[in-house]
Amino acid sequence: MTQTKTNTNEKETNRKKEDTHMRAIVYHTYGSPDVLKLEEVQKPVPQDDEVLVHVHAASVNAADWHLLRGTPFLARFVNGLQKPKNTKLGADVAGRVEAVGRNVTQFQGGDEVFGCIPLHELGSLAEYVCAHEEALALKPAKMTFEQAAAVPVAAFTALQGLRDKGQIKLGQKVLVNGASGGVGTAAVQIAKAFGTEVTGVCSTRNVDMVRSIGADHLIDYTQEDFTQNGQRYDLIFDAVGNRSVSDCKRALTPTGICAVAGFTTLSHLFHVIVLGAWVSRTGRKKIGLMETAKPNKKDLLFIKDLLEAGKVVPVIDRRYSLREVPEAIRYLEEGHAKGKVVITVAT
Ligand SMILES: NC(=O)c1ccc[n+]([C@@H]2O[C@H](COP(=O)([O-])OP(=O)(O)OC[C@H]3O[C@@H](n4cnc5c(N)ncnc54)[C@H](OP(=O)(O)O)[C@@H]3O)[C@@H](O)[C@H]2O)c1
């Protein structure tokens, strides 16, 4: 009798804890993926204009490991100089609406959604996350949560790099450097959706995959240098950030634009900013770093349309569990992902 009562009390305590607590990946100091812990933390409570999402899947991005390591040092201006203010990571999310704030009009409990948590509020590497309703859209019905979680940051970056920085136009010749990565696979498909002729630059092992997502031409960077083969492009979208400004300039048509999304070293980043600005000011070719992609509802809905039309199909490389996030980030940091690295949180 006493034992039964104890068990009932324990169950009741656990149930209450489930209501108020959740598991999340957290970090309390800057460092390698070794400092990440799977901890029990307070479940977030949605503000009036927020939605509480039960996370089914998330995906990892370069921003996660830059913020985790606090490198380059500029990353610490986003999240604290000495130690991280926001101890959670994860921007991309797909899941089910658990609760809504009282001013939320676009979603209700049970809706399947996907979207992107802004950089200063990351937290999708957890069982639950709160997001402003403007950060979310209904998940395309035919997509899995994992597919949907693989999309937002990569697609925002590709779309805003190609369209806003790159001024992409119908019929142009577009080259995507780093065509096999998370951002690159989105860029190849989005550039095709804009009606352009796309050349993808990738290594031998990824040629078939990049062709399968629609690239018209392939350049295997282990065999050929796209800046030295005499070809010229109206738009270069660089998702690697390993080429000099003069190399990119050579590969552009006389009024061509090079939008650089990635960087390999800090000195290369400054090289692109400074020399790119010089080239852009003194000639008709434009070369420059794109801004950090800005999540917004209009672009999310545009991307959703591309997903529903089958014009963008997410490429998923590997799947990890929430507990395996350190391993997932270690893999991403190696810089050879073949599409996106997804975290499966709930099934
Ligand atoms: N501005 C923004 O808002 C923003 C947002 C997201 C990401 N980014 C930046 O964009 C870059 C790409 O991100 P990501 O998520 O796509 O990275 P990722 O998924 O790790 O992809 C890296 C890809 O680059 C390829 N690669 C490596 N060296 C190459 C080379 N020399 N030539 C051509 N391809 C090469 C790799 O293919 P192989 O294995 O075949 O080498 C791999 O597929 C990162 O620098 C990231 O910081 C910027």
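We count ligands from 1, going down the list as the structure has it; atoms in each ligand are counted the same way. Position 1 is the first residue of the sequence; numbering continues from there.
Relative ring orientation between His66 and Phe263 is described as parallel, the plane-to-plane angle staying below 30° on a 0-90° scale split at 30° and 60°. Tyr128 and His54 have parallel rings, their planes meeting at less than 30° on a 0 to 90° scale where 60° marks the start of perpendicular.
With hydrogens and angles ignored, the 3.5 Å screen pairs a side-chain donor or acceptor of Lys297 with a backbone N or O of Leu136. Checking side-chain atoms of Asn79 against main-chain N and O of Asn86 turns up a donor-acceptor pair under 3.5 Å. Ser180 places no side-chain N or O within 3.5 Å of a backbone atom of Lys338 that could act as its donor or acceptor partner. Panel note: side chain Arg76, backbone Gly70; a donor-acceptor pair is recorded below 3.5 Å.
Near Asn177, meaning under 4.0 Å from one of its heavy atoms, ligand 1 places the atoms 32 (N), 33 (C). Of all atoms in ligand 1, numbered sequentially from 1 with element shown, those under 4.0 Å from a heavy atom of Phe263 are 45 (O). Contact atoms of ligand 1 toward Ala293: 2 (C), 3 (O) (distance under 4.0 Å to a heavy atom of the residue). Numbered from 1 in the order shown, with element, the atoms of ligand 1 that lie under 4.0 Å from a heavy atom of Asn242 read 30 (C), 31 (N). Close approach of ligand 1 to Arg205 is summarised as follows: ligand atoms under 4.0 Å from at least one heavy atom of the residue are 39 (O). Of all the atoms in ligand 1, the ones that sit under 4.0 Å from a non-hydrogen atom of His336 are 38 (P), 39 (O), 41 (O), 42 (C). For ligand 1, the atoms sitting less than 4.0 Å from at least one non-hydrogen atom of Val183 are 6 (C), 7 (C), 13 (O), 14 (P), 15 (O), 16 (O), numbered in the order shown with element in parentheses. Residue Ala337 approaches ligand 1 through these ligand atoms, each under 4.0 Å from one of its heavy atoms: 19 (O), 42 (C), 43 (O).
Note: no N/O pair closer than 3.5 Å links His66 and ligand 1 by distance alone. Not a single N or O atom of Ala179, backbone or side chain, sits closer than 3.5 Å to an N or O atom of ligand 1. Residue contacts with ligand 1: Val153 is placed with no nitrogen or oxygen under 3.5 Å of a nitrogen or oxygen of the ligand (distance criterion only). Considering both main-chain and side-chain atoms, Asn206 comes within under 3.5 Å of ligand 1 through a nitrogen or oxygen pair.
Using a non-hydrogen distance threshold of 4.0 Å, Lys340 does not register as a contact of ligand 1. Under the 4.0 angstrom criterion for non-hydrogen atoms, Glu334 is not in contact with ligand 1. Using a non-hydrogen distance threshold of 4.0 Å, Cys202 does not register as a contact of ligand 1. Ligand 1 lies nowhere less than 4.0 angstrom from a heavy atom belonging to Gly241.
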### Query
Is there a side chain to side chain contact (heavy atoms under 4.5 Å, CB included) between Phe226 and Gln231 once you walk through the steps?
CA-CA 7 Å; Phe226 75 88; Gln231 295 291 318; over 6 Å; no
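Looking at Glu197 and His217, their side chains do bring a donor and an acceptor atom within 3.5 Å of each other.
Applying the side-chain hydrogen bond (donor to acceptor under 3.5 Å, both in side chains) test between Asn242 and each of Asn177, Thr265, Thr264, Asp247 identifies Asn177 as the sole match.
Considering only non-hydrogen protein atoms, atom 21 (O) of ligand 1 sits nearest to Gly181 CA, 3.2 Å. Summary of contacts: the protein heavy atom closest to atom 37 (O) of ligand 1 is Ser180 OG, 3.1 Å. Looking only at protein heavy atoms, the nearest one to atom 46 (C) of ligand 1 is Ala62 CB, 3.6 Å. In this structure, the protein non-hydrogen atom closest to atom 1 (N) of ligand 1 is Glu291 O, 3.5 Å. Of the protein's heavy atoms, Thr157 CG2, 3.5 Å lies nearest to atom 4 (C) of ligand 1. With hydrogens left out, the protein atom closest to atom 27 (C) of ligand 1 is Gly335 O, 3.9 Å, a heavy atom. Scanning the protein for heavy atoms near atom 19 (O) of ligand 1, the closest one is Gly182 N, 2.9 Å. Among all protein heavy atoms, the one lying closest to atom 45 (O) of ligand 1 is Gly262 CA, 3.2 Å.
Taking each heavy atom of Leu306 and Ala193 in turn, the nearest pair found is CD2-CB, 3.9 Å. The two residues Lys285 and Thr253 make their nearest non-hydrogen contact at CE-O, 3.5 Å.
Between Asp216 and Lys173 there is no salt bridge, since no side-chain nitrogen of the basic residue lies less than 4.0 Å from a carboxylate oxygen of the acidic one. Ion pairing between a basic and an acidic side chain is recognised when a charged N comes within 4.0 Å of a carboxylate O; Glu40 and Arg23 show no such pairing.
Counting heavy atoms from C-beta on, the side chains of Asp164 and Met290 never come closer than 4.5 Å.
Here atom 30 (C) of ligand 1 lies nearest to Tyr221 when heavy atoms of Tyr221, Trp65, Phe156 are compared.
Counting non-hydrogen atoms of other residues, nucleotides and ligands closer than 6.0 Å to NZ of Lys83 gives a total of 12 or fewer.
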